[in-house]
Number of protein chains: 2
Amino acid sequence: MNTEHRSGCPINLSLEVFGDRWSLIILRDMIFGGRRHFRELLNGSLEGIASNILADRLRRLMELGLLTKADDPSHKQKAIYSLTEMAITLVPIMAHLGAWGRVWLPVSEELSIRAELLEKGGPPLWEQFMDELRHEHLGAPVKTPPGTPTVRQQLQAAYEAVVARKAEAATA
Amino acid sequence: MNTEHRSGCPINLSLEVFGDRWSLIILRDMIFGGRRHFRELLNGSLEGIASNILADRLRRLMELGLLTKADDPSHKQKAIYSLTEMAITLVPIMAHLGAWGRVWLPVSEELSIRAELLEKGGPPLWEQFMDELRHEHLGAPVKTPPGTPTVRQQLQAAYEAVVARKAEAATA
DNA sequence: TCAATCCGATTGCATTTTGCAATCAGTTGC
DNA sequence: GCAACTGATTGCAAAATGCAATCGGATTGA
């Protein structure tokens, strides 16, 4: 990892981590899309990341301590990427960024419903989501009662409801 | 302004605004450093931005609606840059970014004291700061009682106290 | 008056980063 | 055996960045 920094300012250092057009997109897809494999990130990305950029950013995010990589026991060539605690604690920042974008930028309705729910849920919902991510990626024990729908499931259901409603409105 | 977007996702759109190494640095210096002129931003920047990059980013931030530019009545050549409401509402994101960076990145003590105070102050302090910025940049009426120290003054005083303490410790 | 300084930029140029398409060698399922 | 899929790598053109020098106009100080 490169240890030369422009300054010791927290905002500058954060920007040295995320100050590009792809790193946060990859983390978004892992956090909200549940993606763990190279191909899932490559083909599932709405924005169409190139494979060389994806490989470079995954390597860089590992060097920075935001991701780890492990072998997939089911496939000798597959790698599973996991979020570290450092990356999981970005959830509140993602929520704020989404909320800000929803107010000021030309977001699409179906893609902003998740941001809306996250905003309305506030810190308690973010904490629940972070616990779920710790379970998925770090093997931490689950804290929510069994049977509780996961935050990602709730967000996904809301997204699909909007898509279905818009499809119905279009055919009606 | 370019209206082609990679996707309508709020996080992606936010990244299209801030996904570079300088835009947020400029906004940070305007918000926390109170800088309004080209030269102040050019020479005051800890990270050493180049003048052509600064000119390009100021133009871009104006196109995006985050800044406005006006003539300085005291100097026919000077331009005054002002934050818009869109930029002022970034304060909570700045606070979160600073808090995250303080935990996970090699920040310097004197440059992270502001982030620490902003974090401890929480949303009420952010709101007070945003009101002050609305007064400075948008001409909005002040809401705090007269005589109350401004948030920027509080942050600056804390910064200087750390610098003074470290200087004393170094000579002792 | 007049030179020095400051103002917001602009220019030229070398380096670095990015985006895109094609390709790679090993693994898997059939 | 063989096509499809795995995580990447390579080559190359285009764009962004970094740096130093410079611009014409405005202001300042002697």
Side-chain angles (χ1 to χ4, degrees), chain A residues 1-2 4-7 12 15-27 29-30 33-64 67-83, chain B residues 1-2 4-7 12 15-27 29-30 33 35-64 67-82:
Chain A
M1 167 178 175
N2 183 13
E4 291 175 33
H5 299 293
R6 302 189 297 188
S7 83
N12 171 61
L15 227 52
E16 290 187 15
V17 173
F18 307 118
D20 75 276
R21 299 178 96 67
W22 291 111
S23 297
L24 220 56
I25 292 288
I26 293 169
L27 291 168
D29 286 347
M30 290 188 68
R35 310 216 168 95
R36 308 291 295 267
H37 302 290
F38 190 93
R39 289 283 156 172
E40 285 178 328
L41 288 162
L42 185 65
N43 300 327
S45 156
L46 276 172
E47 290 84 12
I49 190 171
S51 64
N52 56 344
I53 307 286
L54 176 58
D56 178 79
R57 290 306 185 282
L58 287 172
R59 184 187 48 72
R60 209 178 89 90
L61 290 171
M62 284 192 287
E63 285 175 1
L64 289 166
L67 298 179
T68 57
K69 180 176 164 181
D71 292 337
D72 185 333
S74 77
H75 189 304
K76 287 184 180 170
Q77 236 178 345
K78 268 190 181 172
I80 300 184
Y81 291 93
S82 297
L83 301 168
Chain B
M1 168 178 174
N2 182 13
E4 291 174 34
H5 299 292
R6 302 189 296 189
S7 83
N12 171 61
L15 229 52
E16 291 187 16
V17 173
F18 308 118
D20 76 276
R21 299 178 95 67
W22 292 111
S23 298
L24 220 56
I25 292 287
I26 293 169
L27 292 168
D29 285 349
M30 290 188 68
R35 308 214 168 96
R36 308 290 297 265
H37 302 292
F38 190 94
R39 289 283 156 173
E40 285 177 328
L41 288 162
L42 185 65
N43 300 327
S45 155
L46 277 173
E47 291 84 12
I49 190 170
S51 65
N52 55 345
I53 306 286
L54 176 59
D56 178 79
R57 289 307 186 280
L58 287 172
R59 183 188 48 71
R60 209 180 89 91
L61 290 171
M62 283 191 287
E63 284 175 359
L64 289 166
L67 298 180
T68 58
K69 180 177 166 181
D71 292 338
D72 185 332
S74 76
H75 189 305
K76 287 185 181 171
Q77 238 177 346
K78 269 189 180 172
I80 300 185
Y81 292 94
S82 297

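Throughout, protein chains are lettered first and strands after them, A, B, ... in sequence-line order, and every chain is numbered starting at 1. Computed from a prediction, not measured in an experiment: that's the story for all the values here.
The CG atom of L42(A) sits 12 Å away from the P atom of dC20(C) (whole-angstrom rounding). Remark: C1' of dT6(D) and CD of E40(A) are 12 Å apart, rounded to the nearest angstrom. Rounded to whole Å, the distance from CG on D72(A) to C1' on dT28(C) is 12 Å. Separating the CG atom of N43(B) from the C1' atom of dC7(C) is a distance of 11 Å, rounded to the nearest angstrom. We find that CG of L54(B) is positioned 16 Å from P of dT11(C), with the value rounded to whole Å. Atom CG of D20(B) is separated from atom C1' of dT16(C) by 15 Å (rounded to the nearest Å). Between the CG atom of L41(B) and the C1' atom of dG8(C) there is a distance of 12 Å, given to the nearest Å. Note: NE2 (H37(B)) to C1' (dG8(C)) measures 11 Å, nearest angstrom.
Listed nucleotides: dG18(D), dT6(D), dG7(D). Nearest to the side chain of H75(A): dT6(D). Considering only side-chain atoms of K78(A), the nucleotide from dT17(D), dT18(C), dT6(D) that sits closest is dT6(D).
Side chain of R60(A) to backbone of V17(A): a donor-acceptor contact under 3.5 angstrom is found.
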Please table the atom pairs, donor to acceptor, closer than 3.5 Å between any side-chain atom in residues 46-56 of chain B and protein atoms at least two apart or in another chain.
residue, atom, partner, partner atom, Å
E47(B), OE1, R28(B), NH2, 2.7
E47(B), OE2, S7(A), OG, 2.7
E47(B), OE2, R28(B), NH1, 3.0
E47(B), OE2, R28(B), NH2, 3.4
D56(B), OD1, R59(B), NH2, 2.6

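In this structure K69(B) satisfies the side-chain contact (heavy atoms from CB on, under 4.5 Å) test together with M62(B), A79(B), Y81(B), sequence neighbours excluded. In this view, D72(A) and S74(A) satisfy the side chain to side chain donor-acceptor pair (under 3.5 Å) rule, not counting sequence neighbours. R21(B) meets the side chain to side chain donor-acceptor pair (under 3.5 Å) test with no other residue; sequence neighbours excluded. Among residues two or more places apart in sequence or in another chain, the side chain to side chain donor-acceptor pair (under 3.5 Å) test is passed with R36(B) by S82(B).
Side-chain contact check for L67(A) versus M30(A): some heavy-atom pair is nearer than 4.5 Å.
For R57(B) and dT17(D), the shortest distance from a side-chain N or O to OP1 or OP2 is below 4.0 Å. For the OP1/OP2 pair of dG18(D) and a distance below 4.0 Å, the side-chain nitrogens and oxygens of W22(B) include at least one atom meeting the criterion.
Both S74(A) and D56(A) sit near DNA chain C, but only D56(A) has its closest nucleotide nearer the 5' end. When each of G48(B) and K76(B) is assigned the nucleotide of DNA chain D bearing its nearest heavy atom, the one mapping closer to the 5' terminus is G48(B).
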Restricting to nitrogen or oxygen on both sides, can you table the protein-nucleotides 20-24 of chain D pairs closer than 3.5 Å?
residue, atom, partner, partner atom, Å
dG24(D), N2, Q77(B), NE2, 2.7

